[in-house]
*Asks:* 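One structure coming up, written as C-alpha coordinates, with questions to follow.
Reminder, nothing fancy here: chain letters follow the sequence lines and each chain counts from 1.
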Amino acid sequence: MKRALLALFLSASAASHAAPIGFKDSWMLMADLAPSWRESSVNYAFTARDALGASGAWLRSDDKRVTREAVEVTYTRLAKRWNLPHAQANLWLFANAGTIRGNDFAGSRTLLSPGVQADYETTRVYLAATAKLLRAKDLNHDLASVRAGFSFHEADYDETQPWFVVEARRMRGLSGRTEVTPMLRLIHNRWFVEAGYSNMKQARFNLMYTY
Amino acid sequence: MKSKLTLLFATASLLGTGTAFAGETMKATVNGMVCAFCAQGIEKRLQKLPATKAVFVDLKQKIVAVEAKDGQKLDGKAITAEITDAGYDVVKLEPVAGTVADVRTAAKTGK
(Lines give C-alpha, C1' and ligand atoms only; values in the text may rest on other atoms or scores of the structure.)
Protein backbone atom coordinates (compact mmCIF):
# COMPACT_ATOMS: atom_id res chain seq x y z
CA MET A 1 0.00 0.00 0.00
CA LYS A 2 2.71 2.46 0.93
CA ARG A 3 4.54 1.86 -2.34
CA ALA A 4 1.35 2.38 -4.28
CA LEU A 5 0.82 5.66 -2.52
CA LEU A 6 4.34 6.74 -3.29
CA ALA A 7 3.99 6.07 -6.98
CA LEU A 8 0.58 7.65 -7.01
CA PHE A 9 1.95 10.89 -5.68
CA LEU A 10 4.91 10.90 -8.00
CA SER A 11 2.77 10.36 -11.05
CA ALA A 12 0.28 13.01 -10.12
CA SER A 13 1.94 16.29 -10.93
CA ALA A 14 3.21 15.49 -14.40
CA ALA A 15 0.29 13.45 -15.59
CA SER A 16 -2.68 15.29 -14.24
CA HIS A 17 -2.44 18.53 -16.15
CA ALA A 18 -2.95 19.51 -19.74
CA ALA A 19 0.50 21.01 -20.15
CA PRO A 20 3.16 20.86 -17.47
CA ILE A 21 4.53 24.35 -18.13
CA GLY A 22 2.96 27.64 -19.14
CA PHE A 23 4.38 30.17 -21.55
CA LYS A 24 7.70 32.00 -21.56
CA ASP A 25 8.23 34.06 -18.39
CA SER A 26 5.20 32.50 -16.72
CA TRP A 27 4.83 30.90 -13.31
CA MET A 28 2.68 27.84 -12.85
CA LEU A 29 1.31 26.74 -9.48
CA MET A 30 -0.06 23.21 -9.12
CA ALA A 31 -1.69 21.28 -6.32
CA ASP A 32 -2.90 17.69 -6.10
CA LEU A 33 -5.02 17.01 -3.08
CA ALA A 34 -6.49 13.81 -1.71
CA PRO A 35 -6.96 12.28 1.74
CA SER A 36 -3.75 10.29 1.46
CA TRP A 37 -1.49 12.82 -0.20
CA ARG A 38 -1.00 16.53 -0.45
CA GLU A 39 1.34 17.87 -3.05
CA SER A 40 2.11 21.31 -4.33
CA SER A 41 4.58 22.46 -6.93
CA VAL A 42 5.67 25.55 -8.75
CA ASN A 43 7.72 26.13 -11.89
CA TYR A 44 8.96 29.05 -13.92
CA ALA A 45 9.22 28.87 -17.70
CA PHE A 46 12.44 30.67 -18.55
CA THR A 47 11.91 29.92 -22.23
CA ALA A 48 8.87 28.77 -24.20
CA ARG A 49 10.25 25.24 -23.88
CA ASP A 50 12.01 25.02 -20.49
CA ALA A 51 10.82 25.32 -16.91
CA LEU A 52 12.56 24.93 -13.57
CA GLY A 53 10.69 24.39 -10.37
CA ALA A 54 10.26 22.65 -7.07
CA SER A 55 7.71 20.37 -5.55
CA GLY A 56 6.92 19.06 -2.10
CA ALA A 57 4.57 16.39 -0.87
CA TRP A 58 3.25 14.63 2.18
CA LEU A 59 1.84 11.12 1.85
CA ARG A 60 0.10 8.67 4.09
CA SER A 61 -0.93 5.07 3.63
CA ASP A 62 -4.57 4.16 3.92
CA ASP A 63 -3.98 2.43 7.23
CA LYS A 64 -2.40 5.69 8.41
CA ARG A 65 0.71 3.88 9.59
CA VAL A 66 3.20 4.87 6.90
CA THR A 67 4.02 8.38 5.79
CA ARG A 68 6.32 9.85 3.15
CA GLU A 69 7.77 13.28 2.65
CA ALA A 70 9.43 14.20 -0.61
CA VAL A 71 11.06 17.31 -2.00
CA GLU A 72 12.22 17.60 -5.60
CA VAL A 73 13.79 20.07 -7.96
CA THR A 74 12.04 19.76 -11.30
CA TYR A 75 13.10 20.45 -14.86
CA THR A 76 10.55 20.19 -17.66
CA ARG A 77 11.50 20.38 -21.32
CA LEU A 78 9.19 20.72 -24.29
CA ALA A 79 11.20 18.53 -26.65
CA LYS A 80 8.91 18.96 -29.63
CA ARG A 81 5.67 20.77 -30.45
CA TRP A 82 3.58 20.33 -33.54
CA ASN A 83 1.36 23.35 -34.12
CA LEU A 84 -1.48 22.29 -36.38
CA PRO A 85 -4.32 24.45 -37.75
CA HIS A 86 -6.82 23.10 -35.20
CA ALA A 87 -4.67 21.08 -32.84
CA GLN A 88 -1.48 20.93 -30.86
CA ALA A 89 0.73 17.92 -30.12
CA ASN A 90 3.64 17.88 -27.71
CA LEU A 91 6.47 15.71 -26.51
CA TRP A 92 7.61 16.57 -22.97
CA LEU A 93 10.64 15.40 -21.01
CA PHE A 94 10.92 15.45 -17.23
CA ALA A 95 14.10 15.35 -15.19
CA ASN A 96 13.34 15.57 -11.49
CA ALA A 97 15.63 14.90 -8.56
CA GLY A 98 15.32 15.24 -4.82
CA THR A 99 15.06 13.38 -1.57
CA ILE A 100 12.47 11.20 0.06
CA ARG A 101 11.97 10.38 3.70
CA GLY A 102 9.73 7.85 5.39
CA ASN A 103 8.69 6.79 8.85
CA ASP A 104 9.70 3.21 8.10
CA PHE A 105 13.34 3.89 7.25
CA ALA A 106 16.01 6.12 8.67
CA GLY A 107 17.31 9.25 7.01
CA SER A 108 16.53 10.33 3.48
CA ARG A 109 17.14 8.74 0.10
CA THR A 110 18.05 10.34 -3.19
CA LEU A 111 15.12 10.27 -5.56
CA LEU A 112 15.42 10.40 -9.36
CA SER A 113 12.33 10.49 -11.57
CA PRO A 114 12.90 11.10 -15.28
CA GLY A 115 9.92 10.77 -17.57
CA VAL A 116 8.30 11.49 -20.88
CA GLN A 117 4.83 12.61 -21.94
CA ALA A 118 3.14 12.81 -25.33
CA ASP A 119 -0.15 14.66 -25.73
CA TYR A 120 -2.56 15.84 -28.40
CA GLU A 121 -5.18 18.52 -27.87
CA THR A 122 -7.83 20.36 -29.81
CA THR A 123 -10.49 22.68 -28.44
CA ARG A 124 -12.69 19.60 -27.98
CA VAL A 125 -10.42 16.57 -27.47
CA TYR A 126 -7.51 15.79 -25.15
CA LEU A 127 -5.25 12.71 -25.25
CA ALA A 128 -2.09 12.09 -23.24
CA ALA A 129 0.28 9.27 -22.36
CA THR A 130 2.93 9.51 -19.67
CA ALA A 131 5.72 7.15 -18.65
CA LYS A 132 7.96 7.80 -15.73
CA LEU A 133 10.79 6.04 -13.95
CA LEU A 134 10.94 6.24 -10.20
CA ARG A 135 14.27 5.22 -8.82
CA ALA A 136 15.67 5.46 -5.31
CA LYS A 137 17.62 3.07 -3.13
CA ASP A 138 15.56 -0.11 -2.86
CA LEU A 139 12.79 1.53 -4.85
CA ASN A 140 11.94 0.85 -8.48
CA HIS A 141 8.37 1.74 -9.26
CA ASP A 142 8.15 2.75 -12.90
CA LEU A 143 4.72 3.88 -13.90
CA ALA A 144 2.56 4.72 -16.88
CA SER A 145 -0.70 6.59 -17.36
CA VAL A 146 -3.03 7.49 -20.18
CA ARG A 147 -5.67 10.19 -20.30
CA ALA A 148 -8.51 10.89 -22.66
CA GLY A 149 -11.16 13.55 -22.52
CA PHE A 150 -13.56 15.74 -24.39
CA SER A 151 -15.04 19.16 -23.78
CA PHE A 152 -18.79 19.55 -23.69
CA HIS A 153 -18.61 22.58 -25.95
CA GLU A 154 -16.14 25.04 -27.41
CA ALA A 155 -15.59 28.14 -25.33
CA ASP A 156 -14.11 31.54 -25.76
CA TYR A 157 -11.03 32.54 -23.84
CA ASP A 158 -13.10 34.46 -21.28
CA GLU A 159 -15.63 31.67 -20.73
CA THR A 160 -15.51 28.57 -18.55
CA GLN A 161 -14.97 25.36 -20.51
CA PRO A 162 -16.07 22.07 -18.90
CA TRP A 163 -14.34 18.79 -19.81
CA PHE A 164 -14.88 15.15 -18.98
CA VAL A 165 -11.55 13.34 -18.57
CA VAL A 166 -10.74 9.75 -17.68
CA GLU A 167 -7.33 8.69 -16.48
CA ALA A 168 -5.97 5.14 -16.18
CA ARG A 169 -2.62 4.47 -14.60
CA ARG A 170 -0.64 1.53 -13.43
CA MET A 171 2.60 1.14 -11.48
CA ARG A 172 4.93 -1.80 -11.99
CA GLY A 173 5.30 -3.99 -8.94
CA LEU A 174 2.98 -1.91 -6.85
CA SER A 175 -0.72 -2.29 -6.24
CA GLY A 176 -1.27 -4.62 -9.15
CA ARG A 177 -4.39 -2.74 -10.06
CA THR A 178 -5.02 -0.14 -12.67
CA GLU A 179 -6.49 2.97 -11.14
CA VAL A 180 -9.21 4.56 -13.24
CA THR A 181 -10.42 8.04 -12.36
CA PRO A 182 -13.18 9.89 -14.18
CA MET A 183 -12.92 13.63 -13.60
CA LEU A 184 -14.70 16.83 -14.34
CA ARG A 185 -12.29 19.50 -15.55
CA LEU A 186 -13.07 23.21 -15.63
CA ILE A 187 -10.81 25.67 -17.43
CA HIS A 188 -11.31 29.38 -17.14
CA ASN A 189 -8.70 31.90 -18.16
CA ARG A 190 -5.78 31.27 -15.78
CA TRP A 191 -7.51 28.57 -13.76
CA PHE A 192 -7.62 24.83 -14.26
CA VAL A 193 -9.54 22.67 -11.79
CA GLU A 194 -10.23 18.92 -11.81
CA ALA A 195 -12.27 16.83 -9.42
CA GLY A 196 -12.93 13.09 -9.56
CA TYR A 197 -13.36 9.82 -7.73
CA SER A 198 -11.40 6.71 -8.62
CA ASN A 199 -12.18 3.00 -8.65
CA MET A 200 -9.74 2.81 -5.71
CA LYS A 201 -12.30 4.88 -3.77
CA GLN A 202 -10.05 7.93 -3.64
CA ALA A 203 -11.34 11.42 -4.24
CA ARG A 204 -8.98 13.64 -6.24
CA PHE A 205 -8.78 17.38 -6.64
CA ASN A 206 -6.27 19.03 -8.94
CA LEU A 207 -5.66 22.73 -9.27
CA MET A 208 -3.45 24.73 -11.58
CA TYR A 209 -2.95 28.47 -11.89
CA THR A 210 -0.75 30.22 -14.44
CA TYR A 211 0.33 33.84 -14.43
CA MET B 1 -21.75 84.00 -33.57
CA LYS B 2 -18.24 83.91 -32.08
CA SER B 3 -19.13 81.06 -29.72
CA LYS B 4 -20.73 79.08 -32.56
CA LEU B 5 -17.59 79.45 -34.65
CA THR B 6 -15.44 78.36 -31.72
CA LEU B 7 -17.60 75.26 -31.19
CA LEU B 8 -17.48 74.45 -34.91
CA PHE B 9 -13.70 74.78 -34.93
CA ALA B 10 -13.28 72.64 -31.82
CA THR B 11 -15.55 69.92 -33.18
CA ALA B 12 -13.70 69.87 -36.51
CA SER B 13 -10.39 69.64 -34.69
CA LEU B 14 -11.53 66.70 -32.60
CA LEU B 15 -12.89 64.88 -35.62
CA GLY B 16 -9.73 65.61 -37.53
CA THR B 17 -7.55 64.34 -34.73
CA GLY B 18 -9.52 61.11 -34.46
CA THR B 19 -9.19 60.36 -38.14
CA ALA B 20 -5.55 61.23 -38.48
CA PHE B 21 -4.28 59.27 -35.47
CA ALA B 22 -6.62 56.30 -35.20
CA GLY B 23 -4.65 53.16 -34.32
CA GLU B 24 -4.19 50.43 -36.91
CA THR B 25 -5.25 46.84 -36.32
CA MET B 26 -3.50 43.66 -37.40
CA LYS B 27 -4.89 40.15 -37.42
CA ALA B 28 -2.79 37.00 -37.11
CA THR B 29 -3.90 33.46 -37.89
CA VAL B 30 -2.17 31.16 -35.42
CA ASN B 31 -1.62 27.40 -35.54
CA GLY B 32 -1.61 25.38 -32.32
CA MET B 33 -3.68 27.82 -30.31
CA VAL B 34 -6.26 25.52 -28.74
CA CYS B 35 -6.50 26.33 -25.03
CA ALA B 36 -7.12 29.17 -22.62
CA PHE B 37 -3.52 28.99 -21.41
CA CYS B 38 -2.35 29.42 -25.00
CA ALA B 39 -4.52 32.51 -25.32
CA GLN B 40 -3.35 33.87 -22.01
CA GLY B 41 0.30 33.59 -22.93
CA ILE B 42 -0.15 35.26 -26.28
CA GLU B 43 -2.31 38.04 -24.87
CA LYS B 44 0.09 38.77 -22.05
CA ARG B 45 3.09 39.03 -24.35
CA LEU B 46 1.36 41.20 -26.93
CA GLN B 47 0.00 43.55 -24.29
CA LYS B 48 3.59 44.33 -23.33
CA LEU B 49 4.46 45.72 -26.76
CA PRO B 50 4.78 49.51 -26.47
CA ALA B 51 2.40 50.23 -29.36
CA THR B 52 -0.35 47.88 -28.22
CA LYS B 53 -3.68 49.35 -27.19
CA ALA B 54 -5.83 46.22 -27.21
CA VAL B 55 -5.57 42.49 -27.91
CA PHE B 56 -8.24 39.97 -28.79
CA VAL B 57 -7.74 36.20 -28.98
CA ASP B 58 -10.33 33.93 -30.57
CA LEU B 59 -9.72 30.24 -29.94
CA LYS B 60 -12.49 29.04 -32.25
CA GLN B 61 -11.18 30.85 -35.32
CA LYS B 62 -7.53 30.71 -34.18
CA ILE B 63 -7.02 34.43 -34.69
CA VAL B 64 -5.25 37.13 -32.70
CA ALA B 65 -6.06 40.79 -33.29
CA VAL B 66 -3.85 43.63 -32.09
CA GLU B 67 -4.82 47.29 -32.14
CA ALA B 68 -2.26 50.08 -31.96
CA LYS B 69 -2.43 53.05 -29.68
CA ASP B 70 -3.48 56.27 -31.35
CA GLY B 71 -0.67 57.70 -33.45
CA GLN B 72 1.49 54.57 -33.21
CA LYS B 73 2.32 51.81 -35.68
CA LEU B 74 2.39 48.10 -35.03
CA ASP B 75 5.52 46.10 -35.75
CA GLY B 76 4.47 42.95 -37.60
CA LYS B 77 7.80 41.26 -36.96
CA ALA B 78 7.52 41.93 -33.24
CA ILE B 79 3.97 40.52 -33.14
CA THR B 80 5.09 37.38 -34.96
CA ALA B 81 8.10 37.03 -32.67
CA GLU B 82 6.02 37.34 -29.51
CA ILE B 83 3.51 34.71 -30.66
CA THR B 84 6.35 32.42 -31.69
CA ASP B 85 8.05 32.94 -28.33
CA ALA B 86 4.81 31.97 -26.65
CA GLY B 87 5.12 28.64 -28.46
CA TYR B 88 2.84 28.96 -31.50
CA ASP B 89 3.13 29.46 -35.26
CA VAL B 90 1.87 32.49 -37.15
CA VAL B 91 0.71 31.39 -40.58
CA LYS B 92 -0.77 34.71 -41.71
CA LEU B 93 -0.51 38.33 -40.57
CA GLU B 94 -2.58 41.04 -42.21
CA PRO B 95 -3.84 44.55 -41.52
CA VAL B 96 -7.58 44.79 -41.09
CA ALA B 97 -10.05 47.64 -41.06
CA GLY B 98 -11.63 48.64 -37.78
CA THR B 99 -10.70 48.14 -34.17
CA VAL B 100 -10.15 45.10 -31.98
CA ALA B 101 -13.71 45.59 -30.78
CA ASP B 102 -14.88 45.28 -34.38
CA VAL B 103 -12.89 42.07 -34.86
CA ARG B 104 -14.34 40.72 -31.62
CA THR B 105 -17.86 41.53 -32.72
CA ALA B 106 -17.30 39.91 -36.12
CA ALA B 107 -15.88 36.79 -34.46
CA LYS B 108 -18.79 36.53 -32.03
CA THR B 109 -21.37 36.93 -34.76
CA GLY B 110 -19.50 34.68 -37.16
CA LYS B 111 -19.16 37.34 -39.83
*Asks:* Compute both the distance and the angle, then confirm whether A:K132 meets the cation-pi test with A:F94: under 6.0 Å from the six-membered ring centre, within 45 degrees of the axis.
*Replies:*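 A:K132 over A:F94 ring: yes.
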
*Asks:* Quick one: what part of B:D58 sits under 4.5 Å from any heavy atom of chain A, side chain, backbone, both or neither?
*Replies:*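 Contact with chain A involves the side chain of B:D58 alone.
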
*Asks:* Please rank A:N83, A:L78, A:T47 by heavy-atom pairs under 4.5 Å with chain B and give me the top one.
*Replies:* A:N83

*Asks:* Out of A:G22, A:P85, A:A155, A:A48, return the one with the most heavy atom pairs under 4.5 angstrom to chain B.
*Replies:*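 Most heavy-atom pairs under 4.5 Å with chain B: A:P85.
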
*Asks:* Using non-hydrogen atoms only, which part of A:W82 is less than 4.5 Å away from chain B: side chain, backbone, both, or neither?
*Replies:* neither

*Asks:* State whether A:D119 and A:R147 are salt-bridged, where the test is any N-O pair (Lys NZ or Arg NE/NH1/NH2 against Asp/Glu carboxylate O) under 4.0 Å.
*Replies:* no

*Asks:* Can you tell me which portion of A:R81 sits under 4.5 Å from chain B's heavy atoms? Options are side chain, backbone, both or neither.
*Replies:* side chain

*Asks:* Give the member of A:A87, A:A45, A:S151 that has the highest number of heavy-atom pairs under 4.5 Å with chain B.
*Replies:*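 Winner by heavy-atom pair count: A:A87.
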
*Asks:* Between B:E82 and B:K48, does at least one N-O distance fall below 4.0 Å, as a salt bridge requires?
*Replies:*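 Salt bridge: no.
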
*Asks:* Taking atom NZ as the centre, does B:K73 end up with more than 12 heavy-atom neighbours from other residues, nucleotides or ligands that are less than 6.0 angstrom away?
*Replies:*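 Result for NZ/B:K73: open.
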
*Asks:* Is A:E69 paired with A:R101 through a side-chain N to carboxylate O contact shorter than 4.0 Å?
*Replies:* no

*Asks:* For A:T210, is it the side chain, the backbone, both or neither that has a heavy atom under 4.5 Å from a heavy atom of chain B?
*Replies:*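 Both backbone and side chain.
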
*Asks:* Sort A:A89 into side chain, backbone, both or neither according to what part of it lies under 4.5 angstrom from a heavy atom of chain B.
*Replies:*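 No part of it gets close to chain B.
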
*Asks:* Between A:Y126 and A:W163, what is the ring plane arrangement, given parallel below 30°, perpendicular above 60°, and tilted in between?
*Replies:* perpendicular

